[in-house]
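As structure tokens, the structure follows; a few thoughts come after it.
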Protein chains: 2
Amino acid sequence: MVQHPMPSLTRDQIVAEAFNLLEAEGLEGLSMRRLAARLKVQAPALYWHVNDKAEVLGMMAADIYAAAYSRTGPAQDWREWLRQFGRALHLSLTSHRDGARLCAIGRPPSPTDAIAQAGRIAAPLTALGLNDQQALAHQAAVISFTLGWTTFEANGPMRDFLRQMMDFDATFSTGLDSLVKGLPDK
Amino acid sequence: MVQHPMPSLTRDQIVAEAFNLLEAEGLEGLSMRRLAARLKVQAPALYWHVNDKAEVLGMMAADIYAAAYSRTGPAQDWREWLRQFGRALHLSLTSHRDGARLCAIGRPPSPTDAIAQAGRIAAPLTALGLNDQQALAHQAAVISFTLGWTTFEANGPMRDFLRQMMDFDATFSTGLDSLVKGLPDK
DNA sequence: ACCTGAACACCGTTCAAGT
DNA sequence: ACCTGAACACCGTTCAAGT
């Protein structure tokens, strides 16, 4: 029989509970102390598993991007792929409370992860005929637009006013389509 | 002779000093207590002039948008206006430390101000032939793209990696041009 | 009208010490 | 290896009291 290591506490558990806390209390309520309490542990215990709070936020942001990526199906051409990815990211960002603000703050967990992430996202685009430069530039444009839109959309009083004048999701969609359509082919 | 009211402390002074503090210490260093100290006053004194910290951040964000607006010159058509405004906003956001993160967090000072702001920005676009709906939608698209891009650009490790592969300002410019070009005319 | 002093209820993080 | 207890240096905000 193998000696099962007591799992005690896991980085995955921490991130999962952090999302629950975020849903319940919002970004301002997301403190290390409250997070620890939910995990039935004292606050300093978290620092054995994690360097600091920024790292927790970074892992959460990485999860949100990863979910968007995995929801993006195969596509016939790079424009279709970018449109799908943009919609998936928008969905991923809005399906967590304060998701956009979190991603605007949270740095990626590590430089190496950032590079890996960029590579993973660029891959399907290069497979569809773009060169590396364009794959990165176009991906950056779509992420920027989507992140910015969702941030804007979450911005309280402005939103309440604008909602009377337009359908947010529809306007986002047509904006995204416009952007992708305008991107140069090669 | 008129009785001159002692100016004591002004909302404008508070915002101006808040920008100095932001430049010096970054967004995490921007606390009400430090801000008060710079103004040679105790922290609670600020709360006579201001409701809370969020209001200070909101006024700062409003200043950044206003600067972008006032830097945008007259234009021949709405596409040219939007391109100019996007570049001006990008400049305005990057010319303050943590400017993008600040605008991603800061709500506008009040709902009424948000409406006024939206109106002011939509005005030059309707003057150039767009209807109200499109003026708002296109403006929202450009702001979103610019805010998102600048946020992305400020995101530490990711930036250091991407900088080797592309010129940030140039890629922003062509992305903005692509977006504006793709926006429907009527 | 405008500001201070003191206090309340929190933070993130470190570090010795426990097991 | 993993966690607790106690502490440090902060926060934003309220409120009585001063002038």
Side-chain angles (χ1 to χ4, degrees), chain A residues 2-22 24-61 97-98 101-102 104-107 109-110 156, chain B residues 2-22 24-61 97-98 101-102 104-107 109-110 156:
Chain A
V2 199
Q3 189 78 7
H4 274 283
M6 261 295 261
S8 61
L9 203 54
T10 310
R11 285 164 67 95
D12 285 356
Q13 282 176 58
I14 292 176
V15 174
E17 199 56 51
F19 271 115
N20 291 338
L21 181 53
L22 182 68
E25 310 278 356
L27 194 54
E28 6 288 320
L30 180 44
S31 78
M32 295 298 269
R33 295 175 115 109
R34 291 224 248 238
L35 179 52
R38 273 176 173 262
L39 292 162
K40 312 252 181 244
V41 109
Q42 300 301 316
L46 297 175
Y47 289 83
W48 197 92
H49 303 273
V50 133
N51 281 317
D52 54 13
K53 184 180 177 178
E55 189 175 329
V56 177
L57 298 179
M59 292 189 294
M60 296 174 79
R97 162 128 82 135
D98 289 329
R101 281 166 72 208
L102 187 148
I105 293 174
R107 315 162 299 188
S110 78
Chain B
V2 199
Q3 187 79 7
H4 274 281
M6 261 295 261
S8 61
L9 203 53
T10 309
R11 285 165 67 94
D12 284 356
Q13 281 177 58
I14 292 177
V15 173
E17 200 55 52
F19 271 115
N20 292 338
L21 180 53
L22 181 68
E25 311 276 358
L27 193 53
E28 7 287 321
L30 180 45
S31 77
M32 295 299 269
R33 294 173 115 110
R34 290 224 248 238
L35 180 52
R38 273 175 172 262
L39 292 162
K40 313 254 182 242
V41 109
Q42 300 300 315
L46 298 175
Y47 290 83
W48 197 92
H49 303 273
V50 134
N51 280 317
D52 54 14
K53 184 180 177 177
E55 189 175 330
V56 177
L57 299 178
M59 292 189 294
M60 296 173 79
R97 163 131 80 134
D98 289 330
R101 281 165 73 208
L102 188 147
I105 293 174
R107 314 161 300 188
S110 76

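Since this is a predicted model, take the numbers as computed values, not measurements. Order of the sequence lines fixes the chain letters, A, B, ..., with proteins taken first and strands second; residue numbering starts at 1 for each chain.
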Complementary nucleotide for C:dA7 - Watson-Crick or wobble, under 3.5 Å: D:dT13

Carboxylate-amine/guanidinium proximity below 4.0 Å for B:K40 and B:E17: no

Of the options D:dC11, D:dT4, C:dT13, whose atoms approach the side-chain atoms of A:R33 most closely? C:dT13

Compare the minimum distances between each of C:dC3, C:dT4, D:dC2 and the side chain of B:L9, then state the nucleotide with the smallest one. C:dC3

Sorted by position of nearest nucleotide on DNA chain D, 5' first, the leading residue of A:L46 and B:L30 is A:L46

Residue closer to the 5' end of DNA chain D, B:Y47 versus A:W48 (nearest nucleotide): A:W48

Where the side chain of A:P44 is concerned, which of C:dC11, D:dG12, D:dG5 is the nearest nucleotide? D:dG5

Distance check: side-chain N/O of B:H49 vs OP1/OP2 of C:dC3, anything under 4.0 Å? yes

A:E28 and A:R101 ion-paired at < 4.0 Å: yes

Is there a donor-acceptor contact under 3.5 Å from the side chain of A:T10 to the main chain of A:Q13? no

Taking for A:M32 and for B:K40 the nucleotide of DNA chain C with the nearest heavy atom, the one nearer the 5' end belongs to B:K40

Nearest to the side chain of B:S31 - D:dC3, D:dC11, C:dC11? D:dC11

